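Remarks on the structure that follows.
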Amino acid sequence: MRFISVRNMSGWIRETGPETIIAGLVDALAVDFARWERFEREPRIASHSPIGVIELMPTSDGELYAFKYVNGHPDNPAQGFQTVTAFGVLADVLTGYPLFLSEMTLLTALRTAATSGLAARVLARPDSDRMAMIGAGSQAEFQALAIRSQLGITKLRLFDTDAGAAEATARNLRPLGFDVTVEASAADAARDADVITTCTADKSNAVVLRADEVRPGTHINAIGGDCPGKTELDIALVRDNRVFIEHEPQTRIEGEIQKLPADSPVTELWTVIDGRAPGRVSAEEVTVFDSVGFAIEDFTALRFARDATSGTRFSEQIDLIAEPDDPKNLFGMVGSPVPVV
Ligand code: NAD
């Protein structure tokens, strides 16, 4: 069984470059979104507590099975922990044997960014020139790189209620060639944006972006509202604009649209990728990708990471599955029983 540790995941990302990996993942996601109906699709299994959630996200395409363990605890940073951590497994459907185990805290940031990148590729105006980011925590730099990889945008206005977090993100992004300004409010950040990403963490029905702060023609990737009772957008943004989602049964529970009637119109993003549904239909419309994160994206990310690191020093062999010489003699691995005297 192959394994990517945190050290090797960060080594692989550093050596390859996060933007290169995100761009590759966007292409891989586009392929898997186009064969969406081949996958098992169930809402994730969530265990909620008053301060967070622990989730399992399984899927299979009939050949490979994948699951991710992930948490979401918005109060964690105040105690020195991250909001989101994760790991995942890829297994062979034929034998049921796990094939690959990986850290997924970093990989989730890459895949979430890549999914935003894919949405922006098909929904943002091709002439988009400026982006805004509301929320500058762990996901922020990855999200910015994803938008640049798909639309070439380097101008970014950032807002975070924690000015230190916004400054830190700006410091990380400037050396990568971004023209970043830290703004005093979401309205200031959004004022001339063509693409807006909201990636805040707060277990409440917050409004981090109001409809009157959004220009016609904008594309919004709303990634922070991803749990019951945890949303980010002014309800008018999802009520009055076309909303694109991952898997409707899950997003109805977890996404921005949890605030809307259960029959409000939505478009699953994969149907735009495979050509069944239109994406953006005019230069003036506001499009909203109500992202919550779906198991198929983790499947794609795990397979991509496994293949890209195969045969490199970043992929290790680990001894996780017991393999007795005789498959019917597991006991043989622990020795003969002690004779009773
Ligand atoms: P984080 O805690 O590292 O960062 C969140 C940032 O939001 C913090 O810096 C915080 O100060 C800021 N913030 C909170 N309220 C704000 C407000 N009203 N206006 C501006 N900034 C505000 O979290 P993260 O790891 O970056 O994740 C961000 C969000 O994305 C979380 O809610 C997480 O659950 C979600 N997420 C979604 C997906 C997905 O697939 N959709 C994947 C990963 C994470």
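As the structure lists them, so they are numbered: ligands from 1, and atoms in each ligand from 1. Quantities reported herein were computed from a predicted structural model and do not represent experimental measurements.
The shortest contact between atom 4 (O) of ligand 1 and any protein heavy atom is with Gly137 CA, 3.2 Å. Nearest non-hydrogen protein atom to atom 27 (O) of ligand 1 is Gln139 CG, 3.4 Å. For atom 5 (C) of ligand 1, the closest non-hydrogen atom on the protein side is Ala201 N, 3.6 Å. Looking at atom 3 (O) of ligand 1, its nearest protein heavy atom turns out to be Ser138 N, 2.9 Å. Of all protein heavy atoms, the one lying nearest to atom 8 (C) of ligand 1 is Asp160 OD2, 3.4 Å. Among protein heavy atoms, the minimum distance from atom 33 (C) of ligand 1 is reached at Asp226 OD2, 3.7 Å. When only non-hydrogen protein atoms are considered, atom 41 (N) of ligand 1 lies nearest to Ser291 OG, 2.9 Å. The protein non-hydrogen atom at the shortest distance from atom 17 (C) of ligand 1 is Thr161 CG2, 3.6 Å.
When the shell of 6.0 Å around CD of Glu63 is examined, it contains 12 or fewer heavy atoms from other residues, nucleotides or ligands. The environment of CG in Asp127 is crowded: more than 12 heavy-atom neighbours from other residues, nucleotides or ligands sit within 6.0 Å. Atom CG of Asn329 sits in a crowded spot, with more than 12 heavy atoms from other residues, nucleotides or ligands closer than 6.0 Å.
Counting heavy atoms closer than 4.0 Å to ligand 1, residue Val208 contributes side-chain atoms (C-beta onward) but none from N, CA, C or O. Only the side chain of Arg111 comes within contact range of ligand 1, with a heavy atom under 4.0 Å; no backbone atom does. Residue-level proximity to ligand 1 for Asn76 is absent, since no heavy atom of it falls below 4.0 angstrom.
Set against the non-hydrogen atoms of Gly135, the atoms of ligand 1 under 4.0 Å away are 7 (O), 21 (N).
Here's the thing with Thr83: one of its N/O atoms is less than 3.5 angstrom from an N/O atom of ligand 1. Checking only distances, Lys230 does come within under 3.5 Å of ligand 1, N or O to N or O. Polar contact with ligand 1: present for Gly224 (N/O pair, distance under 3.5 Å). Inclusion of Gly293 in the set of residues having an N or O under 3.5 Å from an N or O of ligand 1 is warranted. Looking at Ile223 next to ligand 1, an N or O pair under 3.5 Å apart turns up. When only interatomic distances are considered, the shortest N/O to N/O separation between Asp202 and ligand 1 does not fall below 3.5 Å.
Among Lys155, Arg215, Arg130, the one residue that satisfies the salt bridge (charged side-chain N to carboxylate O under 4.0 Å, His left out) test with Asp194 is Arg215. Exactly one residue among Trp36, Trp270, Phe39 makes a ring-ring contact (aromatic ring centres under 6.0 Å, His included) with Phe294. That residue is Trp36.
Under the 4.5 Å side-chain criterion, counting only non-hydrogen atoms from C-beta, Arg306 is in contact with Leu64. Considering only heavy atoms from C-beta on, Glu268 comes within 4.5 Å of Ile245 through its side chain.
For the ligand labelled ligand 1, residue Cys199 lies inside the 4.0 Å heavy-atom shell.
Of the possible polar contacts, one joining the Ser128 side chain to the Arg125 backbone as a donor-acceptor pair under 3.5 Å is found.
Checking Thr112, Ile134, Thr200, Thr231 against atom 42 (C) of ligand 1, the nearest heavy atom belongs to Thr112.
With hydrophobic clusters built from ILVMFWY side chains whose heavy atoms lie under 4.5 angstrom apart, Val207 does not share a cluster with Val288.
Here Asp192 pairs with Arg157 in a salt bridge; the nearest charged N to carboxylate O distance falls below 4.0 Å.
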